[in-house]
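Nothing fancy with the numbering, it's 1 onward along the sequence.
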Amino acid sequence: MKSLQLNNGASMPCIAIGSWVGTDPSAKELARASSWLLTALEAGYRHIDTAALYGTEGAVGEAVRQSGIPRKDLYITTKLPFHHTKRVRESLDKSLKRAGLDYFDLYLVHWPQVVVYKNNQPIPLDVDGSVMLDETCDFNDTWKEMEKVLASGKVKSIGVSNFSIKTLEQLLKTAKVIPAVLQIELHPYLAQNELLEWCKDKGITVVAYAATGYSIVREDPIIVTLAKKYNVTPTQIVLSWHIGRGTGLVAKSENASRQEENLKVIELHKVDARQIDALDKNRRLCVQPDRQGKVFGWTFDRLGWQEERVLETQAKL
């Protein structure tokens, strides 16, 4: 599998199998995750993406052990939840314990928001239904703690998720370590061209989540036509577009045949890649504002995101 070299010299497989199973997964769903993660490893995936908020770190560790693949040959990404931003080391240790691993290859700050720690509730809500934010610190403070866990050796690289040029510029004012990776929603309807160029200039590798753009993108006439032209699936067309742009991606499937299929990327002709580029609508399909016009307590302006009208789809943590 093709890999991307990070700014610290580490090598990261460019396609990760995702492990998110919903905002409120059942115990059965979480228990079943290790089996389809194992089929992904057997299909050739060597990068698994998880997070403390997903509840699947244990399933990831179980799949790793069942696979028999040497740990050094695998790349595991997890994320710091936004209600643990004042307890980074403690949170990391619990993630490692849940997974049964000695280290993670990549540790991401999941969101730029700092949320109040209240009985370990992932998203504590105030009486008016708004997310309880902790304004006594910010992600610059969190990043200092991330740099400490990097120095401990318990993680090999650190990065951020759901940041923008605005929030990254603020982070870099105090950061001693430049983030190795930025993970963001990215697909043909949300091409993020300006952010990609900015990250390229700073040496930050971009990884796409919601990478296929769901059925709305896969069923776009341009994508369908190109899939017929290359005799592949619409999903393969979109994933190949990502790889051609030099980004990594997270592709989640529980189906063994589709897992194998998603690894078979192709090289798109430049004229065809430009057709996909032209589909950009700056439309978010995964994360959208709540009734108060905020995303986990922050406005689009504070996040550094452009205001837009989006479809009503379930937000991924």
Side-chain angles (χ1 to χ4, degrees), residues 15-69 74-84 91-92 94-101 104-108 110-111 115 119-125 131 161-162 183 185 187 207-218 235 239 249-263 285-288 290 295-296 311-317:
I15 300 178
I17 183 74
S19 65
W20 186 67
V21 289
T23 54
D24 188 23
S26 66
K28 185 177 180 180
E29 288 174 316
L30 293 175
R32 194 169 60 84
S34 62
S35 63
W36 54 261
L37 286 169
L38 178 59
T39 64
L41 293 175
E42 292 171 343
Y45 288 84
R46 292 297 178 265
H47 184 178
I48 303 178
D49 180 87
T50 185
L53 288 174
Y54 299 173
T56 53
E57 290 172 328
V60 168
E62 182 62 25
V64 167
R65 287 184 289 277
Q66 289 183 19
S67 74
I69 299 170
L74 297 172
Y75 195 97
I76 312 297
T77 296
T78 195
K79 308 176 190 75
L80 173 77
F82 46 26
H83 65 305
H84 284 183
S91 187
L92 172 60
K94 289 183 177 179
S95 289
L96 288 168
K97 184 176 181 179
R98 283 191 292 267
L101 300 174
F104 289 112
D105 297 275
L106 178 62
Y107 197 38
L108 303 177
H110 205 155
W111 285 89
V115 173
N119 300 322
N120 205 28
Q121 296 177 35
I123 310 177
L125 301 178
V131 176
S161 179
N162 296 301
Q183 188 178 119
E185 180 180 348
H187 45 73
V207 173
Y209 72 75
T212 67
Y214 309 118
S215 60
I216 187 172
V217 172
R218 295 194 300 267
T235 295
L239 300 186
L249 62 93
V250 179
K252 188 251 180 172
S253 177
E254 300 179 16
N255 181 278
S257 61
R258 285 197 292 270
Q259 288 173 351
E260 293 182 15
E261 192 175 80
N262 291 347
L263 287 176
L285 301 173
C286 183
V287 177
Q288 62 175 336
D290 58 21
V295 176
F296 301 125
L311 300 181
E312 291 188 3
T313 55
Q314 188 180 53
K316 166 180 174 292
L317 286 173

Has the side chain of [X] got a donor or acceptor atom that lies under 3.5 Å from a matching backbone atom of [Y]?
{"X": "Q259", "Y": "A40", "value": "yes"}
{"X": "Q183", "Y": "V207", "value": "no"}
{"X": "D105", "Y": "I76", "value": "yes"}
{"X": "T56", "Y": "S19", "value": "yes"}
{"X": "E185", "Y": "L285", "value": "yes"}

Geometric cation-pi criterion K252 and W36, 6.0 Å radius, 45° cone: yes
Taking all heavy atoms of [X] and all of [Y], pick out the closest pair and write down the distance.
{"X": "V21", "Y": "Y54", "answer": "CG2-O, 4.3 Å"}
{"X": "V115", "Y": "P122", "answer": "CG1-O, 4.5 Å"}
{"X": "A211", "Y": "V250", "answer": "CB-O, 3.7 Å"}
{"X": "L30", "Y": "P25", "answer": "CD2-CG, 3.8 Å"}
{"X": "A51", "Y": "T78", "answer": "CA-OG1, 3.3 Å"}
{"X": "L41", "Y": "S67", "answer": "CD1-CB, 3.8 Å"}

Close side-chain approach of R46 to L74, heavy-atom, < 4.5 Å: yes
Pairwise side-chain contact, I123 with H83, heavy-atom cut-off 4.5 Å (strictly under): no
Test log, rule salt bridge (Lys or Arg N to Asp or Glu O under 4.0 Å), inputs R65 and E62: CA-CA 5 Å; R65 287 184 289 277; E62 182 62 25; 3.5 Å; yes
Mutual orientation of the aromatic rings belonging to W111 and F82 [parallel < 30°, tilted 30-60°, perpendicular > 60°]: tilted
Working to the nearest 0.5 Å, report the span between [atom1] of [X] and [atom2] of [Y].
{"X": "F104", "Y": "E57", "atom1": "CZ", "atom2": "CD", "answer": "5.0 Å"}
{"X": "Y45", "Y": "I15", "atom1": "OH", "atom2": "CD1", "answer": "6.5 Å"}
{"X": "N162", "Y": "K79", "atom1": "CG", "atom2": "NZ", "answer": "9.0 Å"}
{"X": "R32", "Y": "L37", "atom1": "CZ", "atom2": "CG", "answer": "10.5 Å"}

H187 vs T212, side-chain contact (heavy atoms from CB on, under 4.5 Å): CA-CA, chis, key distance, verdict: CA-CA 6 Å; H187 45 73; T212 67; over 6 Å; no
Donor on one side chain, acceptor on other, S95 and R98, under 3.5 Å: yes
Between Q66 and S34, a side-chain donor and acceptor under 3.5 Å: no
For V60, the option from D49, I17, I48 that meets side-chain contact (heavy atoms from CB on, under 4.5 Å): I48
